[in-house]
Number of protein chains: 2
Amino acid sequence: MKTEEKIVSKALEMYNEKGIEYVGMRELAATLNIRVSNITYYFPTKDHLVNRLSLDLNQLNSQIVIDNENITIESFLLNFKKIFQNHIKYRCLLLSFVHLMEQNKMISVRYKQTEHDRSTTLRSNLKTLVKAGYLNIEDEKNIEILVSAIALIARFWISEAAVSLRHLKQDGQIRHYITLIGCILSPYLTLKGRGQLEKVLNGL
Amino acid sequence: MKTEEKIVSKALEMYNEKGIEYVGMRELAATLNIRVSNITYYFPTKDHLVNRLSLDLNQLNSQIVIDNENITIESFLLNFKKIFQNHIKYRCLLLSFVHLMEQNKMISVRYKQTEHDRSTTLRSNLKTLVKAGYLNIEDEKNIEILVSAIALIARFWISEAAVSLRHLKQDGQIRHYITLIGCILSPYLTLKGRGQLEKVLNGL
DNA sequence: ACATAAATTTGGACAATGTCCAAATAAAAT
DNA sequence: ATTTTATTTGGACATTGTCCAAATTTATGT
């Protein structure tokens, strides 16, 4: 493995383990048995290194495609499961989310676009679910509320889990928050939708 | 004002402005025109100082009492409004929440108790609202889901607002998340409850 | 009023952090 | 083989939180 890739993968490993802010450049370098300025050669600042991890996560998430036309409650929720699994792989980023937004210009600038895309997709998914007879939402406003609530869960579930659900394993944590999203949708589900929800929750 | 109080109030002001991690002891001392080791005399470590702010917030929140017996949808939501206003006063703490839980032993130990109390209160509030005919929730499981969802919103609303709702003023942000809580309750509201919700949301 | 004790304030040191740069080494190209 | 490019290195810098002995101020007892 080339030096750059060794740095990236070990950084992710150690950041996930101890938190980005608690792993110094010297500690990372020592673990890799290289010198700090060797890291600097590939990543001029720590922000550049963290930004690289963020790009990797984005790339991973972009591989998760959802067919909006043929969406179902099942595929909608299983999609979130995949995203949550990626979140776990890069949990160091999500646990320092607010920090990074304040401090890392590269990440915060890019995130604005990502965030907009996400809520657009989410909104259109929900509307398709309504059209396809899985959801029954008359008021457009309720769609916006659902978008807002689900976006908040998707962004902070892992932070909450790290603080409050540490007794659960990662699978259990994901199950909990997928269930939460399902139950928030629950009041609006049609019979067809409700059946799928049961199925998904049992299959988690 | 005594030195200790000057330190606490200026620290809160600067931490809220720039973020706890971005205000150094030297900068704080310089602003107060005292020396760093003078701060150290009252607060041996920065963690001690931050913990003091956390205690102050706890104290402020504990002044918000809710009469569980005579609770209504209105008092329930207005209660959250008060808590959210306190959150804004001490927003530096909530914006560094995950960080503090990992790093500051004093805060994290105390928080476990607070968290438990909060969800207990929340659960009993919802049950009372059911008994009083504001909510219609047959399945006990749905109460747990609501507790979980509302707790997550209450803990991270200000982080989300800092990233995504910066175009809104503080009042608007609070209104947004109170509305969100209201709308999550909405599917379970009785007619009586629904009327109160409208009233509260209009009056925000 | 004076001497003693306690509380407060100070300056300077420490190790650890991220960043930076000139020089040394290794690899590739001509 | 020589030049050019890519990679790696050691040492410096300013900044951070923390610490401590000494100096100063304030309070207390006689």
Side-chain angles (χ1 to χ4, degrees), chain A residues 1-55 92-93 95-96 98-108, chain B residues 1-55 92-93 95-96 98-108:
Chain A
M1 193 162 28
K2 294 200 71 74
T3 307
E4 184 173 353
E5 291 312 311
K6 281 199 286 186
I7 295 171
V8 171
S9 85
K10 184 59 80 178
L12 177 60
E13 181 186 329
M14 296 178 75
Y15 289 169
N16 277 339
E17 178 70 24
K18 306 178 57 176
I20 294 174
E21 298 80 0
Y22 307 111
V23 178
M25 301 300 268
R26 286 166 181 80
E27 188 185 352
L28 175 57
T31 307
L32 288 164
N33 196 31
I34 60 177
R35 261 35 65 187
V36 175
S37 17
N38 201 1
I39 300 180
T40 299
Y41 175 72
Y42 295 98
F43 304 100
T45 72
K46 190 173 178 178
D47 277 358
H48 284 84
L49 175 52
V50 174
N51 183 51
R52 162 62 177 272
L53 297 178
S54 167
L55 285 167
C92 59
L93 295 173
L95 289 173
S96 297
V98 184
H99 236 163
L100 295 175
M101 288 298 125
E102 288 169 346
Q103 192 205 16
N104 194 313
K105 271 278 163 278
M106 291 170 283
I107 292 185
S108 63
Chain B
M1 193 164 26
K2 294 202 69 75
T3 306
E4 185 173 352
E5 291 312 311
K6 281 199 286 186
I7 294 171
V8 171
S9 85
K10 184 59 81 177
L12 177 60
E13 182 186 328
M14 296 178 76
Y15 289 169
N16 276 339
E17 178 71 24
K18 305 179 59 177
I20 294 174
E21 298 82 359
Y22 307 110
V23 178
M25 301 301 268
R26 286 165 182 80
E27 187 185 351
L28 175 58
T31 308
L32 288 164
N33 196 30
I34 61 178
R35 260 37 64 186
V36 175
S37 18
N38 202 359
I39 300 180
T40 299
Y41 176 72
Y42 294 99
F43 304 99
T45 72
K46 191 173 178 178
D47 277 359
H48 284 83
L49 175 52
V50 174
N51 183 51
R52 163 62 176 271
L53 296 178
S54 168
L55 285 167
C92 59
L93 295 173
L95 289 173
S96 297
V98 184
H99 237 159
L100 294 175
M101 286 300 124
E102 288 169 345
Q103 191 205 18
N104 194 313
K105 270 279 164 277
M106 289 171 283
I107 292 184
S108 63

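Values below: every heavy atom of this structure, side chains too, minus hydrogens, waters and symmetry copies. Letters A, B, ... mirror the listed sequences (proteins, then strands); counts begin at 1.
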* To do: Return the value, rounded to whole Å, for the distance between atom NE2 of A/H99 and atom C1' of C/dG18.
  => 14 Å
* Does B/R35 put a side-chain nitrogen or oxygen below 4.0 Å from OP1 or OP2 of C/dT9? -> no
* Asked: Looking only at atom types and distance, does a side-chain atom of B/K46 sit under 3.5 Å from a main-chain N or O of B/I20, one as donor and one as acceptor?
  -> yes
* To do: Starting at atom CD of A/Q103, determine the distance to atom P of D/dT16, rounded to an integer number of angstrom.
  => 13 Å
* Asked: Please give, in whole Å, the distance from D/dT15 C1' to B/Y22 OH?
  -> 15 Å
* To do: Ignoring backbone atoms, test whether A/N38 places a side-chain nitrogen or oxygen under 4.0 Å from the OP1 or OP2 oxygen of D/dT7.
  => no
* Structure fact -> Within residues 1-10 of chain A, those residues having any heavy atom closer than 4.0 Å to DNA chain C are none
* Indicate yes or no for a side-chain donor-acceptor contact from A/S108 to the backbone of A/K105 under 3.5 Å, with no hydrogens or angles considered. => yes
* To do: Using atom types as modelled and distance alone, determine if a side-chain donor or acceptor of B/D47 lies under 3.5 Å from a backbone N or O of B/N104.
  => no
* Asked: Hey, mind stepping through A/Y15 and A/V50 against side chain to side chain contact (heavy atoms under 4.5 Å, CB included) and telling me if it holds?
  -> CA-CA 9 Å; A/Y15 289 169; A/V50 174; 4.1 Å; yes
* Structure fact -> Under a 4.0 Å heavy-atom criterion, the protein footprint on nucleotides 18-27 of chain D, written with B, S and -, is BBB-------
* Asked: Is the backbone N or O of A/H48 less than 3.5 Å from a side-chain atom of A/T45, with the two atoms forming a donor-acceptor pair by type?
  -> yes
* Structure fact -> Whole-Å distance, A/Y41 OH to D/dG10 P, equals 17 Å
* To do: Find the distance B/L49:CG to D/dG17:P and express it as a whole number of Å.
  => 11 Å
* To do: For the pair B/V8 and B/Y42, evaluate side chain to side chain contact (heavy atoms under 4.5 Å, CB included) and give the outcome as yes or no after the intermediate values.
  => CA-CA 10 Å; B/V8 171; B/Y42 294 99; over 6 Å; no
* Asked: If each of A/V23 and B/I39 is mapped to the nucleotide of DNA chain C with the nearest heavy atom, which maps nearer the 5' terminus, i.e. the 5' end?
  -> B/I39
* To do: Taking all non-hydrogen atoms of both residues into account, name the closest pair between B/M1 and B/S9 and its distance.
  => CE-OG, 4.5 Å
* Let me know the distance between OH of B/Y42 and P of C/dT10, rounded to the nearest Å. => 10 Å
* Structure fact -> Only one of A/M14, A/K6, A/E27 passes side-chain contact (heavy atoms from CB on, under 4.5 Å) with A/L32, and that residue is A/K6
* Asked: Which atom pair, heavy atoms only, marks the closest approach of B/A29 to B/R35?
  -> CB-C, 3.9 Å
